[in-house]
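Note that ligands are numbered from 1 as they come in the structure, with each ligand's atoms numbered from 1 the same way. These figures come from a predicted structure and were not determined experimentally.
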Amino acid sequence: MLFIISGPSGCGKSTLVQRVIKKVDNLQFSVSHTTRDKRKSEKEGKDYYFVSKSEFKQMIDDDRMVEWTLFHGHYYGTSRREIEKKGAGDTLLLDIDVNGAEQIKSKLKKAVFIFILPPSFEELKRRLEARGPETAVYIEERLDVARKDIRAYPQFDFIVINDDLEKAVRSLECIIHGMRCSLESRKKEIMPILRSFSGD
Ligand code: ADP
Ligand code: 5GP
């Protein structure tokens with residue numbers, strides 16, 4: 001099962017995803033490719049696969065990306081390999097921008113779309129400034145994109161407001177557990193139970 005976690009930059013997507021992965025069984029993180037520089041706290045292959053622009057463009061030309069976007073001059077994308085490798089048996093979480101979520105929506109109809117909202121615009125700004133080390137211009141650009149991104153919320157299945165972090169983590173956990181109980185997800189598991197009632 002694929003869960004698409006999206007929302008404006010700085011709303012807390014990666015913080016939430018990291019927390020939820022530690023708490024819920026059989027959850028994996030889809031590691032994206034990017035051409036932006038690595039932040040100090042990040043690890044190659046864990047947070048992102050850091051590649052050059054020419055490598056990334058080659059992947060697009062070879063049709064190796066399920067979706068990709070150009071965000072503030074840097075490429076970001078989800079490779080087919082990542083989805084095939086990790087998506088088969090487990091639940092996979094994708095942390096991607098709104099543009100990428102729209103591309104996935106047209107290709108993978110069964111994915112579950114979750115939109116993360118910060119409690120306010122002012123708090124989003126505060127979080128972006130506190131996270132660093134981006135420049136003021138860079139933060140303004142992200143806030144401009146956020147104003148547009150926010151309009152995409154009606155296309156999502158679930159909304160999580162990331163005000164109190166622990167509450168938001170719990171909401172995400174509930175959505176995942178709830179979707180795992182859907183008829184579609186339970187089909188295989190319930191067959192032997194149903195058969196046991198048939199008297200054969
Ligand atoms: P995104 O992945 O959406 O760009 P991050 O997860 O990097 O956002 O979060 C942006 C900043 O906000 C980080 O410094 C993070 O620690 C902080 N943050 C995330 N969630 C909360 C929250 N609920 N309350 C306060 N700060 C938060
Ligand atoms: P950051 O530079 O803060 O790590 O990420 C910037 C934005 O790119 C975030 O909104 C994040 O969700 C998005 N992003 C990260 N990986 C991908 C990806 O593979 N595809 C798309 N479309 N967006 C991504």
Evaluate the ring-ring contact (aromatic ring centres under 6.0 Å, His included) criterion for residues Tyr76 and His33: first the C-alpha distance (whole Å), next the side-chain angles of each, then the deciding distance (0.1 Å), finally the verdict.
CA-CA 6 Å; Tyr76 295 81; His33 284 70; over 10 Å; no
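Ligand 2 lies less than 4.0 angstrom from a heavy atom belonging to Arg39. Residue Asp95 places a heavy atom under 4.0 Å from ligand 2.
A salt bridge links Arg126 to Glu123: one of the charged nitrogens lies within less than 4.0 Å of a carboxylate oxygen. Classification of Arg36 and Glu42 as a salt-bridged pair holds, one side-chain N sitting under 4.0 Å from a carboxylate O. Asp47 has no carboxylate O lying under 4.0 Å from a charged side-chain N of Lys38, or vice versa, which leaves the two without a salt bridge.
Counting heavy atoms closer than 4.0 Å to ligand 2, residue Glu82 contributes nothing at all. Proximity of Arg36 to ligand 2, defined as any heavy-atom pair under 4.0 Å, is confined to the side chain (atoms from C-beta onward). No part of Glu42 comes within 4.0 Å of ligand 2, judged by heavy-atom distances. Of the heavy atoms in Met65, none comes closer than 4.0 Å to ligand 2. Counting heavy atoms closer than 4.0 Å to ligand 2, residue His74 contributes nothing at all.
Using a 4.5 Å cut-off on side-chain heavy atoms (C-beta onward), Leu143 and Phe121 make contact.
Protein residues with any heavy atom under 4.0 Å from ligand 1: Pro8, Ser9, Gly10, Cys11, Gly12, Lys13, Ser14, Thr15, Arg127, Arg131, Asn162, Asp163, Leu165.
Near Thr78, the atoms of ligand 2 lying under 4.0 angstrom from a non-hydrogen atom of the residue are 19 (O).
Under the ring-ring contact (aromatic ring centres under 6.0 Å, His included) criterion, the residue pairs touching residues 92-115 are Phe115-Phe156, with sequence neighbours excluded.
Between the side chain of Ser171 and the backbone N or O of Lys167, at least one donor-acceptor pair lies under 3.5 Å.
If you check which protein heavy atom lies closest to atom 20 (N) of ligand 2, you get Glu67 OE2, 2.7 Å.
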